Every structure is written in structure tokens, then in C-alpha cells.
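Notes for the one structure printed next.
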Amino acid sequence: MKTEYEKYYVPEQSPWPIVGAVALFLVAIGAGLSVMQTAKQEGGWGFYILIAGIAILLYMVFCWFKNVIEESHAGLYSAQMDRSFRQGMAWFIFSEVMFFCAFFGALFYARMFAIPWLDGGSNNAMTHELLWPDFSAEWPLLKTPDGTTTQAMGWAGLPLMNTIILLVSSVAIHFAHTAIESGKRMQLKVFLGLTILLGLAFLVLQVEEYIHAYQELGLTLDAGIYGNTFFLLTGFHGMHVTLGTIILIVVWLRIMKGHFSPDKHFAFQAAAWYWHFVDVVWLCLFVFVYVL
């Protein structure tokens, strides 16, 4: 009995995974050094290492995207390869969900366990007396052990505006998805372009929020557990919005060049999945970091 085997394209060896790993290493080292040097008001190489890491990372993403696009247009991918892409993107988003779950878990632990223990709750009166006698349980925790005080970031104003912006962007990319499946190219370009503009607007407003936090509220990265969790959660989310916006720009440029069809547009679909994920994470952030 003759059996037909579906072809499966195996790409040639690629330098981009190791280049990306080096770039992320430089970003991590540069960001850590920059934070420490900023806190100590010292100059150093941290900022330059960070910029170099970001530049290499952008170069890697551009080149890797270029290789994948060329392979796709050459007809090298089969249906099984498309399924592999979908599974890979699904696992990537799942790993990102676990990443944010760790930070939300830290926030939950601090608010529900650590702070009540420091206040003497759950038969921890001795802990309260020895570690922080004048501590009282409250959230946001605006006073650090060294006596430094800060102010909380309210949910109204910039955070609420950013929430509305991301919700509107999620609707816009949904209409763009509907348009590409219907073959409406002009509607696709408009709605995807609107999504990109809203993503950029979100990033600009978040920068303004950080400037307001540092200069007017005294809310910094070293402002105790509240400052730590606030900047870690919102900062990493901002990084994901930046990555999502870059992906959407690449997809939009491909659409302008006539790429994709109603039946074959997984790159757009993957970008839409990622953008919806970013929106859902922000809604959780807005509720648990800003409102509650």
C-alpha cells in the first residue's frame, strides 16, 4: 500500500537564537546596572550596555522576521508547519501568562500575608515588635522602614485613559481581523494602523505617568514593596506593549506590500493574539494595582 507523506520543511541552521540570547543578556545586565547607578546618582556603562542590547535585539528580530517571510513566500511551509507555528505562538503566550502570574503572585503574597504578619497578625506579635514596632497594615504601603514616604498612583487620569486606549485598540484589531478574513484590504489597513497609533499613544502616556510618579509623587522603584510591585508590573507590561507594537508595525508594512490573503495570514493572527493578551494583562493590572 502506497502512503503519501506530507513534506515538512526543516530550516537551515540560524544564528538568530544565540544573537537574541546575547541581546537579552545585555539588556538584563544593562538594565540592572542602570537602575543601581541611577539610585546612587553615579555615571557608568549600564545605560550604554542597555542601549547596545536593545539595538542588537531589534536587529535580530528584523533579520529573523525577514528570513521567515522569505521562506513563507518561497512556498516552503506545509500545513504541518503552519500548525507548528500556531502551537509555538500558543506556548509563547502561555509562558508570558506564567511570567505575569509570578509578579501578580508576589503582589498577592505581599498584600495578603507579609503585611498582616508585620502588623502582628496570625500570632506574629513578636515579629511585629522585633522587625517594625510602629508598622500598621495598609495598602498601598507608603512608608518604608527608613522613614521614606511616597504617594500612591491613583486609578483616574492617565491610568484610566490608558485603559480606554487599550480597550479601543482591542476592538480596532478585531475589526482588522474581520477585514482580512473578508478580503477588505483598505479597512484592514485603517484599523490596523489605528491599533498601532493607539499602542504608541499608550506608551507615551505611560512615560508621562512615570515622570509624574518620580517627580511629583516620590513613587520610585526603591519606594518599598509598593514601588517595587508597581514598577515591575507596569514596566514589564510596557515592554510587552512595545514588542506588540513593533510586531504590528511589521505586519502593517507587510500588508502595505500586498502580503497575506483571507485564507493565509497567520502572522497577522499571531500578532492579534498577542495584542489581545497584552490588553487582558493591563485590565488585570488596572484592577489589582491601581483600583484595589
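For clarity, every value in this text was computed on a predicted model and none was experimentally measured. Residues take their numbers from the sequence shown, with the count starting at 1.
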#### Entry: Rounded distance (nearest 0.5 Å) linking atom CZ of F236 with atom CG of L285
12.5 Å
### Query
E208 pairs by side-chain contact (heavy atoms from CB on, under 4.5 Å) with which of N162, L203, L158?
L158
### Query
What's the shortest heavy-atom distance between I165 and A201, and which atoms?
CD1-CB, 4.3 Å
Considering only distance and modelled atom types, tabulate donor-acceptor pairs under 3.5 Å from the side chains of residues 103-116, sequence neighbours left out.
| from | atom 1 | to | atom 2 | distance (Å) |
| --- | --- | --- | --- | --- |
| R111 | NH1 | F288 | O | 3.2 |
| R111 | NH1 | L292 | O | 3.3 |

### Query
Are L58 and M239 co-members of a hydrophobic cluster defined by side-chain heavy atoms under 4.5 Å apart?
no
### Backbone of V68 reached by a side-chain donor or acceptor of S72 within 3.5 Å
no
### Message
Could you tell me if the side chain of L160 sits less than 4.5 Å from the side chain of F286, heavy atoms only?
### Response
yes
### Query
How many angstroms lie between CG in L192 and CG in L248, if you round to the nearest 0.5 Å?
5.5 Å
### Task
Could you tell me whether the side chain of W273 and the main chain of A90 form a donor-acceptor pair under 3.5 Å?
no
### Message
Within this structure, what is the CG-CH2 distance for the pair L188 and W252, rounded to the nearest 0.5 Å?
### Response
10.5 Å
### Task
Answer yes or no: is there a side-chain heavy-atom contact under 4.5 Å between F62 and W16?
no
### Query
Short question: side chain of S182, backbone of K184 - any donor-acceptor pair under 3.5 Å?
no
Anything under 3.5 Å between a donor and an acceptor, one on a side chain of residues 170-179, the other on a protein residue two or more places apart or in another chain? List them.
| from | atom 1 | to | atom 2 | distance (Å) |
| --- | --- | --- | --- | --- |
| S170 | OG | H276 | ND1 | 2.9 |
| S170 | OG | D279 | OD2 | 3.3 |
| H177 | NE2 | E181 | OE2 | 3.4 |
| T178 | OG1 | H174 | O | 3.1 |

### Task
Just do the side-chain contact (heavy atoms from CB on, under 4.5 Å) check on V287 and L283 with the steps written out, would you?
CA-CA 6 Å; V287 173; L283 288 178; 5.7 Å; no
### Query
Short question: side chain of Y210, backbone of T220 - any donor-acceptor pair under 3.5 Å?
no
### Linked, directly or transitively: F277 and V280 (ILVMFWY side chains, under 4.5 Å)
no
### Query
Do L33 and L57 sit in the same hydrophobic cluster, where Ile, Leu, Val, Met, Phe, Trp and Tyr count as joined when their side-chain heavy atoms come under 4.5 Å apart?
yes
### Query
Which heavy-atom pair separates R254 from A267 by the least distance, and what is that distance?
NH1-CB, 3.6 Å
### Query
How many angstroms lie between CD1 in I51 and CG in L26, if you round to the nearest 0.5 Å?
12.0 Å
### Task
Drop me the distance from F94's CZ to Q87's CD, to the nearest 0.5 angstrom.
14.5 Å
### Message
Ignoring hydrogens, what is the shortest heavy-atom contact between W64 and P17? Give both atom names and the distance.
### Response
CH2-CG, 3.7 Å
### Query
Backbone N or O of I255 within a donor-acceptor pair of the R185 side chain at under 3.5 Å?
yes
#### Entry: Smallest separation among heavy atoms of G53 and A23, with atom names
O-CB, 3.6 Å
### Task
For residues H240 and V281, determine if any side-chain heavy atom of one lies less than 4.5 Å from a side-chain heavy atom of the other.
no
### Query
What do the steps show when you test Q269 against Y274 for side-chain contact (heavy atoms from CB on, under 4.5 Å), and what is the final call?
CA-CA 9 Å; Q269 191 175 27; Y274 191 78; over 6 Å; no
#### Entry: Pair W282, T163: side-chain N/O donor-acceptor within cut-off below 3.5 Å
yes
### Task
For the pair H259 and H73, evaluate side chain to side chain donor-acceptor pair (under 3.5 Å) and give the outcome as yes or no after the intermediate values.
CA-CA 9 Å; H259 295 190; H73 277 266; 3.3 Å; yes
### Task
Verify side-chain contact (heavy atoms from CB on, under 4.5 Å) between F202 and M161, making sure each step is shown before the conclusion.
CA-CA 8 Å; F202 175 91; M161 290 176 60; over 6 Å; no
### Query
Would you find more than 12 non-hydrogen atoms of other residues, nucleotides or ligands less than 6.0 Å from M98 atom CE?
yes
### Task
Run the numbers on L200 and V204 for side-chain contact (heavy atoms from CB on, under 4.5 Å), then give the verdict.
CA-CA 6 Å; L200 293 173; V204 170; 5.5 Å; no
### Message
What's the separation between atom CD in Q206 and atom NE2 in H237, rounded to the nearest 0.5 Å?
### Response
7.5 Å
### Summary
When every non-hydrogen atom of F260 is compared with those of H265, the smallest separation belongs to CD2-CA, 3.8 Å
### Message
Are V250 and V190 connected into the same hydrophobic cluster when the rule is that any two of I, L, V, M, F, W, Y join if their side-chain heavy atoms are below 4.5 Å apart?
### Response
no
### hydrophobic_cluster_shared for L24 and F99, side chain cutoff 4.5 Å
yes
## Note on the structure
Heavy-atom closest pair (M89 atom, A270 atom, distance to 0.1 Å) is CE-O, 3.5 Å
### Query
Among side-chain atoms of S169 and W275, is any donor-acceptor pair under 3.5 angstrom?
yes
### Query
Does the side chain of W91 reach to within under 4.5 Å of the side chain of R86, using non-hydrogen atoms?
no
